Amino acid sequence: MSVDTPRGTPAGIRPGEVTYDHLIIPSHWRRSNESTPGAPNALFPPDGGAPAQSSLPPINPTTGAMTGPLLVGTTARAFAKLDDLIRLSAEDKAVIAARRDEAERALRAIFPPRCALPLVGVATIGSAGRDTMIRPLDEVDIFAVFSAANSAWKRFRWDSRDLVLCVRNAIGGERIQTIGSRGQALRIVYDSPPDVHLVPAFDHPRAGYVMPDRVGGWLPTRPERHTSWTADLGPRVISAVRLLKAWNRVCGSHLRSFHIEALAGQVLAGRGLNTRQGLAEVFRHMDEVGLVAADPADVGGDLSAYLRPEDVDALAETIRAARIYSAKAVEAEQAGDHEEAVALWGSVFGPEFPTFG
């Protein structure tokens with residue numbers, strides 16, 4: 001059957017989720033009128049350079065390699081040590097850049113400008129692209145955007161899964177898997193970590209980008225908005241996000257990575273709290289208000305929708321304990337009792353947390 005032939009709309013899926021021409025694009029996140037073909041694109045810097053990095057200094061000082069007992073004399077120093085332990089190193093970031101460069105070289109060779117499916121650009125997205133990923137580095141999300149010109153959209157519009165299969169067959173990729181809650185990506189396995197999630201997408205003239213979902217439809221996505229939103233939060237909040245991800249891992253990894261980012265940003269944006277105060281405030285919010293968090297790009301709706309009631313129940317006691325211990329730790333630090341504060345934070349973060357001494 002030709003890929004140009006409609007395959008029908010799966011039950012429960014609105015036509016707007018299946019065909020590009022009828023995507024429902026909310027007015028508050030459409031591209032501006034100035035955004036035209038050839039205009040600067042925040043996702044793909046000019047001259048192939050890397051995306052601009054924030055000029056703000058890191059909130060915690062660099063403390064070097066982790067050697068010997070993690071003994072610290074102040075609460076702030078304990079958090080600086082933990083942040084050093086979990087954040088990606090320069091070597092990790094070099095590996096991420098190499099994965100992106102390898103993907104771009106391969107895709108540009110296979111999908112040149114004059115082919116039936118021309119490549120627009122390749123970018124690192126996800127937590128690796130926003131500097132909120134924590135160790136170990138095990139996977140990287142790479143966004144591959146194709147142009148709808150040369151009848152490319154006509155070829156793939158009826159079933160987005162054909163785009164995934166086309167890219168997989170062209171590059172000899174590995175298995176297809178779900179990314180996020182509804183999208184599809186190619187998992188490319190390397191001999192050593194990190195593996196790559198290659199996310200194919202079309203450049204949409206109004207929505208930004210559309211990527212394949214699991215049922216043949218198209219999902220609007222705005223990764224460049226996520227990146228700029230995270231950068232605007234500032235280094236204190238970004239540090240708190242990484243620490244919350246470390247806490248989540250200790251507690252069983254019930255929460256998804258981007259959900260944590262959005263929740264922390266929702267609670268802490270513009271508050272001016274230090275990292276410890278910010279963490280305590282996020283734990284208080286989760287305990288009192290809940291885990292609902294809106295997509296900061298106004299695309300994905302409630303990012304907590306994946307949680308099952310049993311997941312929320314499993315987290316409730318852990319969140320309550322984290323709220324109690326973190327509030328007491330902040331009080332102890334403010335009173336000058338750093339030994340007590342460090343011990344209390346150790347109850348939140350587990351054995352990775354540095355020891356007072």
Side-chain angles (χ1 to χ4, degrees), residues 42-43 50-60 62 79-97 99-100 123-143 179-181 185 193-197 199 221-251 253-271 273-276 278-279 281-283 285-286 291 293-297 299-300 303-304 306 349 352:
L43 195 62
Q53 300 294 320
S54 171
S55 61
L56 295 173
I59 189 61
N60 289 323
T62 300
F79 275 90
K81 285 285 187 181
L82 181 59
D83 196 48
D84 268 358
L85 184 63
I86 64 174
R87 72 188 303 170
L88 299 185
S89 66
E91 291 77 11
D92 292 326
K93 293 179 180 180
V95 171
I96 291 171
R99 292 286 194 267
R100 194 212 71 85
T124 304
I125 59 171
S127 56
R130 296 187 296 270
D131 196 28
T132 58
M133 181 175 280
I134 63 174
R135 292 179 184 171
L137 174 61
D138 54 4
E139 58 191 31
V140 178
D141 296 337
I142 303 294
F143 200 52
I179 187 169
S181 60
D195 294 339
V196 166
H197 293 164
V199 185
T221 183
R222 296 302 299 266
E224 82 283 11
R225 284 194 174 185
H226 291 154
T227 299
S228 62
W229 177 82
T230 302
D232 288 344
L233 293 175
R236 282 189 175 89
V237 178
I238 292 174
S239 177
V241 165
R242 286 193 294 265
L243 293 163
L244 285 166
K245 291 183 179 183
W247 165 81
N248 180 55
R249 183 169 61 193
V250 169
C251 299
S253 300
H254 292 283
L255 301 177
R256 290 180 178 170
S257 176
F258 188 57
H259 179 200
I260 293 172
E261 294 185 36
L263 185 62
Q266 174 180 291
V267 175
L268 300 179
R271 298 286 296 274
L273 303 174
N274 67 35
T275 304
R276 286 87 63 203
L279 289 170
E281 182 61 18
V282 173
F283 290 134
H285 179 94
M286 289 194 293
L291 299 170
D295 185 331
V299 177
L303 297 176
S304 71
Y306 65 93
F349 287 99
E352 279 192 342

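Index from 1, following the sequence. Just the heavy atoms: all of them, side chains too, but no hydrogens, waters or symmetry mates, feed the values below. Note that the structure is a prediction, hence the values are computed from the model and not measured.
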Do you know the tightest heavy-atom contact between [X] and [Y]?
| X | Y | answer |
| --- | --- | --- |
| Arg225 | Ser228 | O-OG, 3.1 Å |
| Phe79 | Arg276 | CE1-CG, 3.2 Å |
| Asp138 | Pro193 | CA-CB, 4.2 Å |
| Trp229 | Ala262 | CH2-CA, 3.7 Å |
| Ala231 | Ile238 | CA-CD1, 4.5 Å |
| Ala264 | Val282 | CA-CG2, 4.3 Å |

Report the distance from atom [atom1] of [X] to atom [atom2] of [Y], rounding to the nearest 0.5 Å.
| X | Y | atom1 | atom2 | answer |
| --- | --- | --- | --- | --- |
| Ile96 | Met133 | CD1 | CE | 5.5 Å |
| Trp247 | Leu279 | CH2 | CG | 10.0 Å |
| Ser239 | Asp83 | OG | CG | 4.0 Å |
| His197 | Ile125 | NE2 | CD1 | 11.0 Å |
| Arg99 | Thr124 | CZ | OG1 | 11.5 Å |
| Phe258 | His226 | CZ | NE2 | 3.5 Å |

Note: Arg222-Asp295 ion pair, threshold 4.0 Å (strictly below): no
By side chain to side chain contact (heavy atoms under 4.5 Å, CB included) - contacts of [X] (at least two apart):
| X | answer |
| --- | --- |
| Ile134 | Ile86, Arg242, Lys245, Ala246, Arg249 |
| His285 | Leu263, Gln266, Val267, Val289 |
| Asp92 | Leu88, Ser89, Arg135, Leu137 |

Heavy-atom check, side chain of Phe349 versus side chain of Leu82, under 4.5 Å: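 Phe349 reaches Leu82 side chain to side chain.
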Member of Glu261, Arg236, Arg130 meeting the side chain to side chain contact (heavy atoms under 4.5 Å, CB included) criterion with Val241: Glu261
Residues that Asp141 engages under salt bridge (Lys or Arg N to Asp or Glu O under 4.0 Å), provided they are two or more places apart: none
Which residues share a salt bridge (Lys or Arg N to Asp or Glu O under 4.0 Å) with Glu281, sequence neighbours left out: Arg271, Arg284
For Ser304, all residues meeting side-chain hydrogen bond (donor to acceptor under 3.5 Å, both in side chains), sequence neighbours excluded: Asp302
Under the side-chain hydrogen bond (donor to acceptor under 3.5 Å, both in side chains) test, residues paired with Thr230 that sit two or more places apart: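 So Thr230 forms no side-chain hydrogen bond (donor to acceptor under 3.5 Å, both in side chains) with any residue.
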Check: Asp195 side chain, Glu139 main-chain N or O, donor-acceptor pair, under 3.5 Å: no
Donor-acceptor contact present, side-chain Thr132 to main-chain Ala128, <3.5 Å: no
